2 protein chains.
Amino acid sequence: MVRQNIKVAVDAVVFGYKDKALNVLLIKRNIDPFKDSWALPGGLVLENESLEQAVVRELKEETNVTIDYLEQLYSFGDPDRDPRNRVVSVTYFALVKPEHHAIKADTDAQDVAWFDVTELPDLAFDHIQILETAKKRLQNKLTYEPVGFDLLADKFLFSDLEKLYMTILQKVIDRRNFRKKILSFGILEELDEKISEGRGRPANLFKFNKKQYFKLKEEGFLFDIK
Amino acid sequence: MVRQNIKVAVDAVVFGYKDKALNVLLIKRNIDPFKDSWALPGGLVLENESLEQAVVRELKEETNVTIDYLEQLYSFGDPDRDPRNRVVSVTYFALVKPEHHAIKADTDAQDVAWFDVTELPDLAFDHIQILETAKKRLQNKLTYEPVGFDLLADKFLFSDLEKLYMTILQKVIDRRNFRKKILSFGILEELDEKISEGRGRPANLFKFNKKQYFKLKEEGFLFDIK
DNA sequence: GCAAAAGTGTTACTCATACACCCATGA
DNA sequence: TCATGGGTGTATGAGTAACACTTTTGC
């Protein structure tokens with residue numbers, strides 16, 4: 001058998017919705033290659049942990065962030081994607097709620113920060129390509145799974161949800177039709193709380209009813225937003 | 001840096017539509033572990049080839065099959081999925097047309113065969129799990145991309161397409177509505193050829209117009225079959 | 001002439017889309 | 001009282017779903 005010397009890493013694209021914009025979590029590398037460049041959080045998988053455990057560990061070590069949604073994205077394995085060794089990276093797609101946005105640089109990173117995806121710095125390795133893949137995944141997922149709620153606070157305004165969809169899908173959505181449709185699914189709870197953000201009529205708070213969603217899903221219900 | 005000793009492999013789930021049933025290509029292993037078990041074709045990635053090149057090479061070596069459609073499926077990396085070493089497998093999803101069904105066992109396999117997915121033998125490693133993942137991917141893909149045509153011969157009958165959809169999606173489809181909808185897409189060419197399969201009225205042959213499909217796709221057309 | 005598969009059209013209903021005015025609050 | 005954002009209903013058209021009979025061939 002050929003002696004193979006390929007390393008396996010994991011990298012994560014962590015999205016957060018912040019200041020009405022889609023943000024992504026990046027770290028500033030403090031080791032070569034690409035020392036001082038911004039990059040996706042990630043690192044080599046340890047001998048006895050699963051891929052998912054590796055992502056969770058790296059995210060904790062490098063950024064201290066708490067993940068609300070995690071799924072595998074894609075594996076990148078071009079022979080020369082890392083200038084030193086051959087590294088195959090299994091990448092993950094993650095979403096965090098605003099209440100979990102608190103981050104801090106730790107062991108392997110000299111800095112951690114949220115970046116608006118429309119104003120990104122140059123990224124290390126092929127990470128820009130990974131990020132593009134993740135953005136497409138998010139756009140798709142938004143239309144057939146209620147992942148938007150993993151980007152919003154537990155209690156949110158309808159207008160937040162609407163803006164989130166418009167920001168990520170990059171198109172205008174009719175307010176009335178959107179509300180009608182989402183409410184018709186019966187997976188939101190209207191709370192008895194209103195909040196007033198500066199001027200304008202105070203808005204009702206809503207809560208995503210996860211239990212109800214999974215119940216309906218069992219019964220064949222399909223979340224679907226164009 | 002921790003010395004990591006994880007191997008990277010690729011495995012492929014190759015689907016073919018055969019005798020009005022969905023079939024998958026398996027090889028009989030002639031080395032341990034799981035010697036003499038049936039398994040997905042695949043193997044370790046070489047130092048200087050991409051993941052995709054590795055799949056194509058392994059498929060050629062082990063089965064001699066010609067692939068008509070290939071895309072990455074998922075990466076499986078549980079620490080104990082291989083009883084000997086730690087192996088992360090990047091799996092691929094492939095479709096072959098009937099005219100490319102000719103197969104033959106070669107270097108690493110003692111045998112190669114098509115199996116109806118509803119009548120599978122026990123599989124090596126976690127390959128049954130990989131296969132389940134691929135089946136779901138196929139079911140999904142069938143509804144939003146015209147991959148069905150990569151499973152049919154270049155010239156096919158409408159009833160073949162219909163049966164393919166019913167077989168894979170596991171549900172009955174109204175013949176009239178299905179035909180109306182597919183034809184309305186304008187991505188099929190009706191040929192001036194009829195063939196008669198045993199009894200019954202001879203049926204028209206159709207051809208998938210790939211060029212037209214890509215043109216329409218550019219313009220925003222979405223293939224969509226419920 | 002009968003069995004078998006191919007081919008075809010209409011209707012009802014559901015769902016998506018387009019669209020504009022009033023309401024509650026803070027300044 | 002005005003500016004700001006929140007909340008709501010209706011009418012039209014498109015697309016989906018349900019449904020059965022006629023045609024062409026082989027035996």
Side-chain angles (χ1 to χ4, degrees), chain A residues 19-21 142-144 148 152-153 155-167 169-207 216 219-226, chain B residues 19-21 142-144 148 152-153 155-167 169-207 216 219-226:
Chain A
D19 310 324
K20 315 218 181 295
L142 215 49
T143 68
Y144 64 84
L152 294 177
K155 297 174 180 185
F156 56 89
L157 304 177
F158 224 101
S159 58
D160 289 335
L161 186 63
E162 199 188 300
K163 278 170 201 146
L164 183 146
Y165 268 80
M166 292 200 277
T167 305
L169 298 182
Q170 301 256 61
K171 64 174 189 178
V172 290
I173 295 174
D174 182 90
R175 198 150 52 96
R176 282 167 292 188
N177 293 337
F178 182 75
R179 187 182 180 111
K180 216 183 307 171
K181 180 135 195 201
I182 298 267
L183 286 179
S184 77
F185 293 160
I187 56 177
L188 289 192
E189 254 174 78
E190 186 164 357
L191 302 176
D192 248 355
E193 267 178 273
K194 290 182 200 301
I195 62 166
S196 174
E197 280 193 322
R199 45 190 110 267
R201 176 175 172 173
N204 235 299
L205 282 167
F206 287 82
K207 201 168 172 298
L216 288 172
E219 296 166 5
F221 160 73
L222 289 179
F223 184 91
D224 181 28
I225 292 289
K226 289 281 147 52
Chain B
D19 310 324
K20 315 217 181 295
L142 215 49
T143 68
Y144 65 85
L152 293 177
K155 298 173 180 186
F156 56 88
L157 304 178
F158 224 101
S159 59
D160 288 336
L161 186 62
E162 199 188 298
K163 277 169 202 147
L164 183 146
Y165 268 80
M166 291 200 277
T167 305
L169 298 183
Q170 301 256 62
K171 63 174 189 178
V172 290
I173 294 175
D174 181 87
R175 199 149 52 95
R176 282 167 293 189
N177 293 336
F178 182 75
R179 187 182 181 112
K180 216 182 308 171
K181 178 135 195 202
I182 299 268
L183 287 178
S184 77
F185 293 160
I187 56 177
L188 289 192
E189 253 174 79
E190 185 164 359
L191 301 175
D192 247 355
E193 266 178 275
K194 290 183 201 300
I195 62 165
S196 173
E197 280 191 321
R199 48 190 109 268
R201 176 174 172 174
N204 236 298
L205 281 168
F206 287 83
K207 200 171 174 295
L216 289 172
E219 296 166 5
F221 160 74
L222 289 179
F223 183 92
D224 181 27
I225 292 288
K226 290 283 145 54

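These figures come from a predicted structure and were not determined experimentally. Within every chain, numbering begins at 1; the chains are lettered A, B, ... in the order of the sequence lines, protein sequences first and strands thereafter.
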Trainee: Atom CG of A/L157 and atom C1' of D/dG7: how far apart are they, to the nearest Å?
Mentor: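 Atom-to-atom, A/L157 to D/dG7, this comes out as 13 Å.
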Trainee: Do A/L183 and A/F206 pass the side-chain contact (heavy atoms from CB on, under 4.5 Å) test, and can you show the C-alpha distance, the side-chain angles, and the key distance before you say yes or no?
Mentor: CA-CA 10 Å; A/L183 286 179; A/F206 287 82; 3.9 Å; yes
Trainee: Once you round it to whole Å, what is the distance between P of D/dG15 and CG of B/L222?
Mentor: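 Distance check: B/L222 CG to D/dG15 P gives 13 Å.
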Trainee: Has B/K181 got more than 12 heavy atoms of other residues, nucleotides or ligands less than 6.0 Å from its NZ?
Mentor: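 Yes.
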Trainee: Each nucleotide in nucleotides 16-23 of chain D should get exactly one letter: B, S or -. Can you fill that in based on protein heavy atoms under 4.0 Å?
Mentor: SBBBB--B
Trainee: Sequence neighbours excluded and cut-off under 3.5 Å, please list the side-chain donor-acceptor pairs for residues 155-166 of chain A, or say none.
Mentor:
| residue | atom | partner | partner atom | Å |
| --- | --- | --- | --- | --- |
| A/K155 | NZ | A/E193 | OE1 | 2.8 |
| A/D160 | OD2 | A/L157 | N | 3.3 |
| A/Y165 | OH | A/L142 | O | 2.9 |

Trainee: Taking heavy atoms of chain A and a 4.0 Å limit, find me the 5'-most and 3'-most nucleotide of DNA chain C within that range.
Mentor: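 Contact boundaries, 5' end first: C/dA16 to C/dA27.
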Trainee: Using side-chain heavy atoms (C-beta onward) and a distance below 4.5 Å, is A/I187 in contact with A/F223?
Mentor: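 Side-chain contact under 4.5 Å: yes.
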Trainee: Please enumerate all residues that pass ring-ring contact (aromatic ring centres under 6.0 Å, His included) together with A/F221, with sequence neighbours excluded.
Mentor: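 Checked A/F221 against ring-ring contact (aromatic ring centres under 6.0 Å, His included); matches are A/F185.
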Trainee: What parts of residues 183-194 of chain B reach DNA chain C, counting only heavy atoms under 4.0 Å away?
Mentor: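 Here the set is empty: none.
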Trainee: Begin with the C-alpha distance, continue with both residues' side-chain angles, and end with the deciding distance and a verdict on side-chain contact (heavy atoms from CB on, under 4.5 Å) for A/I195 and A/N204.
Mentor: CA-CA 7 Å; A/I195 62 166; A/N204 235 299; over 6 Å; no
Trainee: For the pair made of CD1 in A/I195 and P in D/dG5, what is the distance, rounded to whole Å?
Mentor: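 After rounding, the reported distance stands at 14 Å.
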Trainee: Rounded to the Å, how far apart are A/F206 CZ and D/dG6 P?
Mentor: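 One finds 11 Å between P of D/dG6 and CZ of A/F206, rounded.
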Trainee: Enumerate donor-acceptor pairs with a distance under 3.5 Å from any side-chain N or O in residues 169-178 of chain A to protein atoms, sequence neighbours excluded.
Mentor:
| residue | atom | partner | partner atom | Å |
| --- | --- | --- | --- | --- |
| A/K171 | NZ | A/K226 | O | 3.2 |
| A/D174 | OD2 | A/R176 | N | 3.1 |
| A/D174 | OD2 | A/N177 | N | 2.8 |
| A/D174 | OD2 | A/N177 | ND2 | 3.4 |
| A/N177 | OD1 | A/K180 | NZ | 3.3 |

Trainee: Would you compute the distance between atom CG of A/D192 and atom CD of A/E189 and round it to the nearest 0.5 angstrom?
Mentor: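 One finds 11.0 Å between CG of A/D192 and CD of A/E189.
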Trainee: If each of A/F158 and A/G200 is mapped to the nucleotide of DNA chain D with the nearest heavy atom, which maps nearer the 5' terminus, i.e. the 5' end?
Mentor: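 This one resolves to A/G200.
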